[in-house]
Colleague: 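Quick one: structure below, then a few questions.
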Protein chains: 2
Amino acid sequence: MVQHPKPRNVTRADVARLSGVSTAVVSYVLNNGPKPVAPATRERVLEAVRALGYRPNAAARALSRGTADTIGMIVVDSRSPFFAQFLHALDAASVRHDRSMLIVNRDRERQSAVEQVHDLVARQIGGLIIADVIGDAEQQVIAALGIPTLLINQYGGAGGALGAMGVDFRAGAEQAVQHLVAHGYRTIDFVGDAAAIDQRERGWADALREAGLPLGRSVHASFSYEGGFAAGRAIASRATRPRALFAASDQIAIGLLAALTDAELRVPDDIAVVSFDGIVEAAYARPALTTVAQPIVEMADAAIRRLVADDAEPGFTTFDATLVVRRSCGCDDGLVGGH
Amino acid sequence: MVQHPKPRNVTRADVARLSGVSTAVVSYVLNNGPKPVAPATRERVLEAVRALGYRPNAAARALSRGTADTIGMIVVDSRSPFFAQFLHALDAASVRHDRSMLIVNRDRERQSAVEQVHDLVARQIGGLIIADVIGDAEQQVIAALGIPTLLINQYGGAGGALGAMGVDFRAGAEQAVQHLVAHGYRTIDFVGDAAAIDQRERGWADALREAGLPLGRSVHASFSYEGGFAAGRAIASRATRPRALFAASDQIAIGLLAALTDAELRVPDDIAVVSFDGIVEAAYARPALTTVAQPIVEMADAAIRRLVADDAEPGFTTFDATLVVRRSCGCDDGLVGGH
DNA sequence: CTGAAAGCGCTTACAG
DNA sequence: CTGAAAGCGCTTACAG
């Protein structure tokens, strides 16, 4: 234990004293309300604030208001590049609205999602973002807490008791597979988490059906480099291999690339790959990944804006995903292949 | 504005009432002190807590105590894989100590580091981690705030007014370059942020000198994929190229790999590469990167432990970096090359 | 436009 | 071992 000579904090009372007003008036000027303040008084207060280097105590404010300037977030895995990039965008957006993000990773071993939400609520968060798949029953419970909540990347789309937003996974996947089909590939497998709720698998299947192609194989892979790598090894060791692969995430695709390269299979010449997400890493893989990019910054902005405005009604808000064409599909850089 | 039927929160008073004790006693059992409580009373209180689903209001507690169960953190860029992985480890460690992390990105455009620290302090953080380079003057100011603070990855080592911890960058770099030297490479360039304070550059130079080799070129690159990519293009276009490269980060090395591959230079055959950090991505690059790995989880654990114990004295705590040998240096997988 | 005062939900010194 | 009460630093209804 070290002795920290913690300087006594300057409080609203100090500011009030120095500027010769009551603490209420100090609040009115700092919060721009709820009462008007005479311009001259206002100036005096602001002057005192500057002179004293006063900063409002966030805990006191939160206690008094019943809510803090903090947006809580539960994320599946903050290490994953997609979420790391999304979290960064959320931080940037929240700063613009004078909020900060309190981020916790989903901790499956220790607690239920609802438990974790409760922990966050106990911290007086003013809004909540959940980047994980949450069942209907849990959504009910969370909605009953009465705090503005938004689900991100809930594969399934609308339906639950909570507001949700994200890209149209099905349409995005369809777009990716159509591009592969346009290249002339006729055997296209899916690599991704084999959760029935993942609309990317459905989009893949739909695109194949529409093109009159046989359904390819669906290869299970967890959402990680390791998952993609394992899937890649499995595919490489097969007697007959597909001509192309649609991967549910760029991270999976990068693992795939490593495994295929190790097996001396060339991408895109032997096996073409298109993936999903549009993380920065996709551009630096070799071959560079053609991918369906999610509008990360735009989604983060919208999420914060809605939470701040307390506008998080149930229903799904869709964002457009855009196909970014690079080389892994067989196109040349910058040359958008036909489709 | 939506009408949220916010249920009235159950408070300590409710628990006290139900269990027939005062609110003070409820506090004593919930906090295990500072006063002892009779076992039977204790049980009754706990029972009431369960029955009511009571959760302490963190803002009230923070206001009363003067400090919250929150550890603030300022990070250069939470998107970068190294920090994303470090942040994740910090989150895991903080959960074990019943803390949570309040992470903000360093915002150079809007505020000084000291400003950002003040914002965090206003939120009653109980500890602070700064993952950025902070000058001596700023360190003084921050130290005067009296909140336990730890600097992470401050290249320079000891000296400032704040406690610091990290890997020995100089020794780690030396190790990397010695490995390259052991491979027989005689022209070895450095690729990294050309900050004079970065001890990795010094370690590189030291290793070359000790080996009696001429000093290679020092190629400037920002800590990003893009930085490494640009450096790689520059190197590829030179008339005479080095036989090997030591990159200051894995992220830079991955950018480098992309550029060298585009230029049809083979790694390690034409140019060998060893980098620094040990991020997950290094294992999935092709060729897989030989890298000097920082003990991310261990450092994160230690940081949280020290902050919680209020043991963040000035001085630099060094962690060991370990060379992870893969293929980009010219070794075969799993075969540790001689040195 | 300004102020006195109650209240938010905890913690903890003080008294018993 | 237990309780009554002051205090942490804000916000805001109420009164002027």
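Naming convention: chains lettered A, B, ... in sequence-line order (proteins, then strands); numbering from 1 in each chain. The basis for the numbers below is simple: all heavy atoms, side chains too, and nothing from hydrogens, waters or symmetry mates.
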Colleague: Between dT11(D) atom P and N32(A) atom CG, what is the distance in whole Å?
Modeller: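 For the pair N32(A) CG and dT11(D) P, the rounded distance is 12 Å.
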Colleague: State, without any angle test, whether S27(A) and R12(A) hold a side-chain donor-acceptor pair at a distance under 3.5 Å.
Modeller: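 Per modelled atom types, S27(A) and R12(A) side chains form a pair under 3.5 Å.
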Colleague: Reading DNA chain D from 5' onward, which residue's closest nucleotide shows up sooner: P34(A) or V21(B)?
Modeller: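 First, find each residue's nearest nucleotide; the 5'-ward one identifies V21(B).
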Colleague: Can you check whether A60(B)'s main-chain N or O pairs, donor with acceptor, with S64(B)'s side chain at less than 3.5 Å?
Modeller: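 Checked: no pair found.
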Colleague: Roughly how far apart, to the nearest Å, are dT12(D) and dG16(D) at atom C1'?
Modeller: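 Each nucleotide's C1' atom is 16 Å from the other's.
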Colleague: What is the distance from CD of Q124(B) to P of dC10(C), rounded to the nearest Å?
Modeller: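 Spelled out: CD on Q124(B) to P on dC10(C) is 17 Å.
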Colleague: Mind calculating the distance between CD (E43(A)) and P (dC1(C)) to the nearest angstrom?
Modeller: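 Going from E43(A) (CD) to dC1(C) (P), I get 15 Å.
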Colleague: Roughly, in whole Å, what's the span from CZ in R42(B) to C1' in dC1(D)?
Modeller: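 Rounded to whole Å, this separation is 14 Å.
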Colleague: Nearest-nucleotide wise, let me know which of R12(B) and P39(A) is further upstream toward the 5' end of DNA chain C.
Modeller: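 The residue mapped nearer the 5' terminus is P39(A).
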Colleague: Once you apply a heavy-atom cut-off of 4.0 Å, does A24(B) come out as touching a base, just sugar-phosphate, or nothing?
Modeller: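 The residue A24(B) makes base contact.
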Colleague: Say whether R99(A) and T70(A), considering side chains only, have a donor N or O and an acceptor N or O under 3.5 Å apart.
Modeller: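 Short answer, no.
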Colleague: Mark yes or no for a side-chain to base donor-acceptor pair under 3.5 Å between Y28(B) and dG3(D), with no hydrogen or angle criteria applied.
Modeller: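 Yes.
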Colleague: Within the pair T23(B) and dC10(C), is there a side-chain N or O less than 4.0 Å away from OP1 or OP2?
Modeller: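 No.
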Colleague: Counting only side-chain N and O atoms of S27(B), is one of them less than 4.0 Å from OP1 or OP2 of dT11(C)?
Modeller: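 Yes, such a contact exists.
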Colleague: Rounded off to whole Å, could you give me the NZ-to-P distance for the K35(A) and dC10(D) pair?
Modeller: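 Value for this atom pair: 19 Å.
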Colleague: What integer distance in Å separates D69(B):CG from dT11(C):C1'?
Modeller: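 Going from D69(B) (CG) to dT11(C) (C1'), I get 13 Å.
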Colleague: Could you tell me how far dC14(C) sits from dC10(C) if I compare only their P atoms? Round to whole Å.
Modeller: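 Going atom to atom, P in each nucleotide, I get 24 Å.
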Colleague: Would you call R55(A)-E115(B) a salt bridge at under 4.0 Å N-O?
Modeller: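 E115(B) and R55(A): salt-bridged.
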Colleague: So that I can compare with my own list, what are the stems of DNA chain C, taken as at least three consecutive Watson-Crick or G-U pairs with distances under 3.5 Å?
Modeller: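 For DNA chain C the paired stretches long enough to count as stems (3 pairs minimum) are C:1-3 with D:14-16, C:5-12 with D:5-12, C:14-16 with D:1-3.
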Colleague: So does V76(B) get a backbone contact from the side chain of D132(B), meaning a donor-acceptor N/O pair under 3.5 Å?
Modeller: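 No; zero donor-acceptor contacts below 3.5 Å.
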Colleague: Considering only dC1(C), dT11(C), dC1(D), which nucleotide approaches the side chain of R61(B) most closely?
Modeller: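 Among dC1(C), dT11(C), dC1(D), the one nearest the side chain of R61(B) is dT11(C).
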Colleague: At what distance, to the nearest 0.5 angstrom, does CZ of F82(A) lie from CG of N153(A)?
Modeller: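 Nearest 0.5 Å value for the CZ-CG distance: 4.5 Å.
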Colleague: May I ask you to decide whether R44(A) forms a salt bridge with E47(A), counting only side-chain N to carboxylate O separations under 4.0 Å?
Modeller: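 Between E47(A) and R44(A) there is no salt bridge, as every charged N stays at least 4.0 Å from the carboxylate O atoms.
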Colleague: Write down the protein N/O and nucleotide N/O pairs, taken from nucleotides 6-8 of chain C, whose separation is under 3.5 Å; answer none if there are no such pairs.
Modeller:
residue, atom, partner, partner atom, Å
dG7(C), N2, S64(A), OG, 3.2

Colleague: I'd like to know if D301(B) pairs up with R96(B) as an ion pair, taking the criterion as any Lys NZ or Arg NE/NH1/NH2 lying under 4.0 Å from an Asp or Glu carboxylate oxygen.
Modeller: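 Looking at R96(B) together with D301(B), the answer is yes, because their closest N to O distance falls below 4.0 Å.
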Colleague: Taking the basic N atoms (NZ, or NE/NH1/NH2) and the acidic carboxylate oxygens, is any pair closer than 4.0 Å for D311(B) and R305(B)?
Modeller: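 Here D311(B) does not pair with R305(B) in a salt bridge, since their nearest N and O are not under 4.0 Å apart.
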Colleague: Can you measure L30(A) atom CG to dT11(D) atom P for me and round it to whole angstrom units?
Modeller: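 After rounding, the gap between these two atoms is 7 Å.
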Colleague: Give a yes or no answer on whether the side chain of Q139(B) reaches the backbone of L162(B) with a donor-acceptor pair at less than 3.5 Å.
Modeller: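 Checking the backbone N and O of L162(B) against the side chain of Q139(B), a donor-acceptor pair under 3.5 Å is found.
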